[in-house]
Amino acid sequence: MRWFGKALVLSLSLLVAACGMLSSPFEGVNDEKVARMQLADSIKTSDLYGAWAISDEDPIDFLYLVVFMPNHMGVLYLTMDEKDGKPESVYTEALTWKFNEKTKVFTMHSTERKSVENGKPEKIEKINEVKDYKTKMYMLDGKRLAVQFQGDGKTDNRKYTFLRMEDETYYKLVKGVPGLPRLK
């Protein structure tokens, strides 16, 4: 019974963290991949445009996708699957964003969060959350393939490393997913 209680507490902790869209299961997932890449000296705002992803299959399947549009609108999209082949939970967050090229600080202003947990009806929340992230970009063979966001320590102190998603892969992945924008 003690094991069940601990497992339940751990499961609830992961779920609560995921509701904030940025939670610790994502930390460190792509670090091994960027270790082989070169750190970019500079980052232009346009380098951030497009789709970026973190995904893993252990201990649960998840896809954490961020989309940054040239009009400075964006979407965070997270699916968490308990390995039954069907998403258990889906979270979407609408945002606006800006990037300071001199200081390499990315600012995200989240305005709406939608969540569907365990097949329950969709929950929609109007929010007003602003978070700043120190930003690094990683390159391989001259191509910018990864972006890393490090929280400012005030609202989030974790580190998230996203890999660039090719446009074609993005379109195949999100086909039929409401709320996810076309990239161009």
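We find the CG-CG distance between Leu163 and Leu145 to be 8.0 Å, quoted to the nearest 0.5 Å. Interatomic distance, Phe62 CZ to Ile54 CD1, rounded to the nearest 0.5 Å: 6.5 Å. Atom CG of Leu48 sits about 6.5 Å away from atom CD1 of Ile43, to the nearest 0.5 Å. Separating the CG atom in Leu63 from the OH atom in Tyr77 is a distance of 7.0 Å, to the nearest 0.5 Å. Remark: Met73 CE to Leu95 CG distance equals 8.0 Å, nearest 0.5 Å. Considering CZ of Arg113 and OG1 of Thr92, their distance stands at 11.0 Å, rounded to 0.5 Å.
The nearest pair of heavy atoms linking Tyr91 to Ser115 is CD2-CB, 3.5 Å.
A donor-acceptor contact shorter than 3.5 Å is absent between the side chain of Glu122 and the backbone of Lys114. Proximity of a side-chain donor or acceptor of Thr135 to a complementary backbone N or O of Tyr133 within less than 3.5 Å is detected.
Note: the hydrophobic cluster containing Met139 does not contain Leu39 (ILVMFWY, side chain heavy atoms under 4.5 Å, direct or indirect links). Val130 and Ile127 fall into different hydrophobic clusters, defined by Ile, Leu, Val, Met, Phe, Trp and Tyr side-chain heavy atoms under 4.5 Å apart, directly or through other members. Transitive grouping of hydrophobic side chains (ILVMFWY, heavy atoms separated by less than 4.5 Å) brings Val75 and Met69 into a common cluster.
Side-chain atoms of Leu76 and Tyr64, non-hydrogen and from C-beta on, do get closer than 4.5 Å to each other. Using a 4.5 Å heavy-atom threshold, the side chains of Tyr170 and Glu168 count as separate.
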### Message
Quick one, Phe162 with Val66, criterion side-chain contact (heavy atoms from CB on, under 4.5 Å). Give me CA distance, side-chain angles, the key distance, then yes/no.
### Response
CA-CA 8 Å; Phe162 292 86; Val66 295; 3.8 Å; yes

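Checked by atom type, the side-chain pair Gln148/Thr161 shows a donor-acceptor distance below 3.5 Å.
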For residues 99-109, tabulate all N or O donor-acceptor pairs below 3.5 Å that involve a side-chain atom, not counting sequence neighbours.
| residue | atom | partner | partner atom | Å |
| --- | --- | --- | --- | --- |
| Asn100 | OD1 | Lys102 | N | 2.9 |
| Asn100 | OD1 | Thr103 | N | 3.0 |
| Asn100 | OD1 | Thr103 | OG1 | 3.4 |
| Glu101 | OE2 | Thr45 | N | 2.8 |
| Glu101 | OE2 | Thr45 | OG1 | 2.9 |
| Lys104 | NZ | Asp41 | O | 2.7 |
| Thr107 | OG1 | Asp132 | OD1 | 2.6 |
| His109 | NE2 | Asn128 | OD1 | 2.5 |

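Scanning for salt bridge (Lys or Arg N to Asp or Glu O under 4.0 Å) contacts around Glu166 gives an empty result, with sequence neighbours left out. Residues meeting the side chain to side chain donor-acceptor pair (under 3.5 Å) test with Lys126, sequence neighbours left out: Glu112. For the side chain to side chain donor-acceptor pair (under 3.5 Å) test, residues two or more places apart in sequence or in another chain that qualify with Ser110 are Glu93.
Among pairs with a residue in residues 133-144, those fulfilling salt bridge (Lys or Arg N to Asp or Glu O under 4.0 Å) read Asp47-Arg144, at least two apart in sequence or across chains.
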